Amino acid sequence: MGYRESYDRSISDPEGYWAEQASAIDWFTPPKQVLVPSEGEDGEPIPRWFGGGVLNTCYNALDRHVIAGRADQPALIYHSAMTDARRTYTYAELLERVAKLAGALTALGVRRGDRVVIYMPMIPEAAMAMLACARLGAIHSVVFGGFAPAELAARIDGAEPKVIISASCGLEPNRVVEYQPILDAALSRTEHQPDHCIVLQRPEARAELTEGRDHDFAELMSAKDIEPAAAVEVEALDPLYILYTSGTTGKPKGIVRDNGGHAVAMSYAMREIYDVGAGEVMFTASDVGWVVGHSFIVYGPLIAGATTILYEGKPVGTPDAAAFWRVVAEHGVKAMFTAPTAIRAIRKVDPDGELLADHDLSTLQTLFLAGERTDPDTLNWAAEKLDIPVVDNWWQTETGWPIAANLRGMEPMPIKAGSPSVPVPGYDVQVLGPDGTELPAGTEGAIAIKLPLPPGTLAGVWGDRQRMVGSYLSAYPGYYATGDGGVIDEDGYVTILGRTDDVINVAGHRLSTGAMEAVIATHPAVAECAVIGVADQLKGQIPRGFVVLKQGKEVDPAELEAALVKLVRDEIGAVAALRRIDVVDGLPKTRSGKILRKTMREIADGKQAVIPSTIEDPSVVEQLRPVLGS
Ligand code: COA
Ligand code: AMP
């Protein structure tokens, strides 16, 4: 079936369409109700998929491939540019380790529905930990290694895990990041305490284990009295994982993904979008702490029976700008996936792409880019140097897989640089005006998706039904609000123009300016503050802060800047990458007191700024212009 026919069918007969796709998954009990409608006030806020179905996600990712004769095929290849290590796990080996780790978790009391927080760097044990949870029907919540204690603590208190799985350290280019002090600091702040922690000791730094609480990962894995665990039967609607993501406020949102819809969506996306099947190799250069890592380092490739590369390192400097090309050539990668920032970083170091010539990239068929907007310049550069299609795809933590893409497995379409191509089947993408009316082609507006969303998208916000409704469903009744603005052209191609809220994207990392403001506001000299995302050539966006001092406070602006930068780094993490904070006399506001961040952003980006008529004092904008423009 071609794209158009497939898309139309997915919208006119979603139940029939997804029931067919569900047959790519091994079910212990097939679904009874393909689409479960949303309920009233207190029930399910959003339609769900595959009610009554019983399966196990880990079984679909591992066991069934071993049973089908792929036992000796590489399932996961760990390639570390940081330690120069390579380790290959066949499907049989990965299954053996995951089953053993699941057995260890069982011995520590973890059962179906319990939560497990995973705070680990890019090592194979991180993927094993995720799969071991899935095997037991336990719900994992992976926390990105670049977050500081406060962010980790918020996620621990949110998920209330029985067990935390961690490692002694992560490796950054200039430093070893010790995780145990971060974990200890987080646990000294949390109300919730886990029953146990499992810590993987890496040679670069050894963690000091706390007697009675901490267990050595390697010891558990070699313990003779721990039985490997079998895959537990779970309901399709049972949560597989929680993944926290930045919202507009300082408090992250725990996006819940369920088992059944996710498994079907992963298998569908691998086949129809990424065109990677059993026995083929996919290299996703991201981190298991982000949704791209969940979907296309761990679950997608394994559910498809493919080989996944788990890469520890950076695109440049570890040791050079050929690091990605080395991975492709060494492992025969067919499809590669990364963030546009990574390509911009490579191009900056190797503008003529000279390093590509040193590596045999003949297996590489497609480069996929997502996580932030791909600027046409970057896309064209990569397409020319690699001489393959470069495919932008647009999605979010909430959806878990692409909303708009060029479906390489279904029907490759012409690529228009600057657009992630067309809505993926299942997503009824609409551009809405402020009053919620659907706008015609070529008109900019808020992008929303008519319900139901397809399988694999968010099932809710963990422990906060109201936030699910308030954040996503109430702005335009009957639609899911994406938080992105954009336009759809006459050919149906979508262009994303950026967030309509205060979420920013720094080097493909989603961050909340609200969270940074909350940290800055705690400083005793600060009366009020605003953080905005401004355009940056390398990272897409970077945050910039503006503070108004409390009356009578005399501080040296450079000292205050240094103190606030450190505060944000300590509280949120180095990834926040907030480096510049200006002291100003006032912030532009509406008469009701709302800070005009959008106007500030437009001026900083050198755009024609829209000054709303509701502004309290237009002279504040004029005073700010020189600072914003500098
Ligand atoms: N653990 C601890 N610290 C981390 C970290 C991690 N997992 N990841 C990043 N950091 C730190 C970095 O060391 C850096 O610290 P520094 O300020 O002391 O130098 C800081 O966070 C900012 O990191 P980053 O935004 O990655 O910037 P960079 O200048 O180090 O590197 C790029 C720039 C472009 C190479 C890098 O951002 C990159 O690889 N981007 C691709 C992002 C990506 O894959 N995103 C996933 C979504 S698809
Ligand atoms: P995250 O939840 O971290 O994946 O971030 C999701 C947000 O990143 C989206 O809401 C967009 O604002 C942005 N984004 C992701 N992919 C793209 C893309 N291909 N083009 C434009 N913006 C994107």
Side-chain angles (χ1 to χ4, degrees), residues 82 119-122 126 143-148 169-179 182 243-247 253 255 284-297 311-318 321 323-324 337-349 368-375 379 391-405 418-421 447 458 481-486 494-501 503-512 533 536 538-542 565 569 572-579:
M82 306 306 294
Y119 182 59
M120 294 181 106
M122 283 294 286
V143 181
F144 175 59
F147 282 129
C169 65
L171 305 175
E172 283 299 293
N174 315 318
R175 64 187 194 285
V176 171
V177 181
E178 292 195 35
Y179 279 29
I182 299 175
L243 181 55
Y244 282 84
T245 189
S246 303
K253 287 184 280 209
I255 302 303
T284 299
S286 176
D287 190 290
V288 288
W290 305 112
V291 70
V292 172
H294 277 62
S295 294
F296 298 113
I297 295 175
Y311 172 74
E312 183 181 37
K314 303 277 171 180
V316 293
T318 56
F324 282 2
F337 189 162
T338 191
T341 301
I343 301 298
R344 287 195 293 269
I346 293 170
R347 181 185 179 186
K348 203 170 157 198
V349 179
F368 294 93
L369 297 176
E372 54 173 323
R373 178 174 178 269
T374 301
D375 53 289
L379 184 133
V391 175
D392 182 5
N393 50 123
W394 166 60
W395 47 297
Q396 333 177 287
T397 305
E398 288 85 345
T399 64
W401 62 290
I403 309 168
S419 160
S421 301
I447 309 195
L458 79 172
T482 65
D484 282 310
V494 180
T495 296
I496 304 302
L497 297 166
R499 299 287 305 189
T500 53
D501 55 18
V503 167
I504 61 171
N505 225 302
V506 180
H509 306 139
R510 175 164 160 185
L511 300 165
S512 157
D536 180 76
L538 174 66
K539 296 193 176 187
Q541 273 188 315
I542 48 165
V565 164
R569 198 180 163 93
I572 295 177
V575 276
L578 177 64
R579 299 230 158 81

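We count ligands from 1, going down the list as the structure has it; atoms in each ligand are counted the same way. In this text, all values refer to a predicted model and were calculated from it rather than measured experimentally.
- If you number the atoms of ligand 2 from 1 as listed, the ones under 4.0 Å from a heavy atom of D392 come out as 18 (C), 19 (N).
- Nearest protein neighbour of atom 39 (O) of ligand 1, counting heavy atoms only, is P315 CD, 3.1 Å.
- Residue E398 is tested with L243, I255, I403 for a side chain to side chain contact (heavy atoms under 4.5 Å, CB included); the sole match is I255.
- Taking CD1 of I572 as the reference point, atom CG of L511 lies at 7.5 Å (rounded to 0.5 Å).
- With a 4.0 Å cut-off on non-hydrogen atoms, T397 touches ligand 2 through its backbone as well as its side chain.
- With a 4.0 Å heavy-atom cut-off, ligand 2 is reached by the backbone of R373 and by its side chain too.
- With a 4.0 Å heavy-atom cut-off, ligand 2 is reached by the backbone of W395 but not by any atom from C-beta on.
- Contact detail for M82 and G313: the closest heavy-atom pair is SD-CA, 3.7 Å.
- At a distance under 4.0 Å, a protein heavy atom can be found next to atom 42 (C) of ligand 1.
- Listed by atom number, the atoms of ligand 1 under 4.0 Å from V575 heavy atoms are 9 (C), 21 (O).
- Taking every non-hydrogen atom of R579 and a distance limit under 4.0 Å, the qualifying atoms of ligand 1 come out as 17 (O).
- At the shortest separation from atom 18 (O) of ligand 1 among protein heavy atoms lies R569 NH2, 2.7 Å.
- Within the 4.5 Å cutoff, the side chain of T399 has no heavy atoms near those of the T482 side chain.
- Interface atoms of ligand 2 facing I496, defined by a heavy-atom separation under 4.0 Å, are 21 (C), 22 (N).
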Start with the C-alpha gap between V177 and I182, add the side-chain angles, then the distance that decides, and say whether side chain to side chain contact (heavy atoms under 4.5 Å, CB included) holds. CA-CA 9 Å; V177 181; I182 299 175; 4.0 Å; yes

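- In this structure, P121 and Y179 have side chains that are in contact, with non-hydrogen atoms separated by less than 4.5 Å.
- The heavy atom nearest to atom 40 (N) of ligand 1, considering only A507, S286, P121, is found in A507.
- The shortest distance between side-chain heavy atoms of R499 and I504 does not fall below 4.5 Å.
- Note on ring orientation: taking the six-membered ring where Trp is involved, the planes of F144 and H509 are tilted (angle from 30° to 60°).
- Put simply, the residue from T338, D392, V391 that forms a side chain to side chain contact (heavy atoms under 4.5 Å, CB included) with F368 is V391.
- Of the protein's heavy atoms, R510 CD, 3.5 Å lies nearest to atom 5 (O) of ligand 2.
- Here the side chains of R373 and I496 are not in contact, with every heavy-atom distance at 4.5 Å or above.
- Using a 4.5 Å cut-off on side-chain heavy atoms (C-beta onward), D484 and Q396 make contact.
- For S295 (side chain) and G400 (main-chain N/O), a donor-acceptor pair under 3.5 Å exists by modelled atom type.
- Closer than 4.0 Å to atom 36 (C) of ligand 1 lies none of the heavy atoms of the protein.
- The N/O atoms of Y179, backbone and side chain alike, include none that comes under 3.5 Å of an N/O atom in ligand 1.
- Using a distance-only test at 3.5 Å, with no hydrogens or angles considered, a donor-acceptor pair links the side chain of N393 to the main chain of L369.
- Every atom of ligand 1 is numbered from 1 in the order shown, and the set under 4.0 Å from a heavy atom of A285 is 44 (O).
- Looking at heavy atoms from C-beta onward, I297 lies in side-chain contact with S286 at the 4.5 angstrom threshold.
- Near N393, meaning under 4.0 Å from any of its heavy atoms, are these atoms of ligand 2: 16 (N), 18 (C), 19 (N).
- The OG1 atom of T341 sits 7.5 Å away from the CG atom of N505 when rounded to the nearest 0.5 Å.
- Atom OG1 of T495 is separated from atom CD1 of I447 by 8.5 Å, given to the nearest 0.5 angstrom.
- Protein heavy atom nearest atom 47 (C) of ligand 1, with residue, atom name and distance: G508 O, 3.4 Å.
- What sits closest to atom 34 (C) of ligand 1 on the protein, heavy atoms only, is T341 CG2, 3.2 Å.
- When each of R344, K539, R510 is tested with E372 by the rule salt bridge (charged side-chain N to carboxylate O under 4.0 Å, His left out), just one qualifies, namely R344.
- With atom 10 (N) of ligand 1 as the reference point, the heavy atom nearest to it among E372, E312, M122, E172 is part of E172.
- In terms of protein heavy atoms, atom 26 (O) of ligand 1 is closest to H509 CE1, 3.8 Å.
- Closest protein heavy atom to atom 2 (C) of ligand 1: G146 CA, 3.5 Å.
- Atom 16 (N) of ligand 2 has as its closest protein heavy atom G371 N, 3.1 Å.
- Checking side-chain atoms of S512 against main-chain N and O of G247 turns up a donor-acceptor pair under 3.5 Å.
- Only backbone heavy atoms of E372 (N, CA, C or O) come within less than 4.0 Å of ligand 2; its side chain stays farther off.
- Of the protein's non-hydrogen atoms, the one nearest atom 27 (O) of ligand 1 is K539 NZ, 3.0 Å.
- For an aromatic pair to be called close, the ring centres must be under 6.0 Å apart, and Y311 with F324 satisfies this.
- In terms of polar-atom proximity, defined here as any N/O pair under 3.5 Å, T482 makes no such contact with ligand 2.
- When hydrogens are left out, the protein atom nearest atom 22 (C) of ligand 1 is A574 O, 3.7 Å; that is the closest non-hydrogen contact.
- Residue contacts with ligand 2: G483 is excluded, as none of its non-hydrogen atoms falls under 4.0 Å.
- Protein heavy atom closest to atom 12 (O) of ligand 2, with residue, atom name and distance, is D484 OD1, 2.6 Å.
- Residue contact annotation: G145 has a non-hydrogen atom under 4.0 Å from ligand 1.
- For the ligand labelled ligand 1, residue F337 lies outside the 4.0 Å heavy-atom shell.
- Of all the heavy atoms of N505, the ones lying under 4.0 Å from any atom of ligand 2 belong exclusively to the side chain.
- In this structure, atom 31 (O) of ligand 1 has no protein heavy-atom contact shorter than 4.0 Å.
- Listed by number with element, the atoms of ligand 2 under 4.0 Å from a non-hydrogen atom of Q396 are 2 (O), 4 (O), 6 (C), 10 (O).
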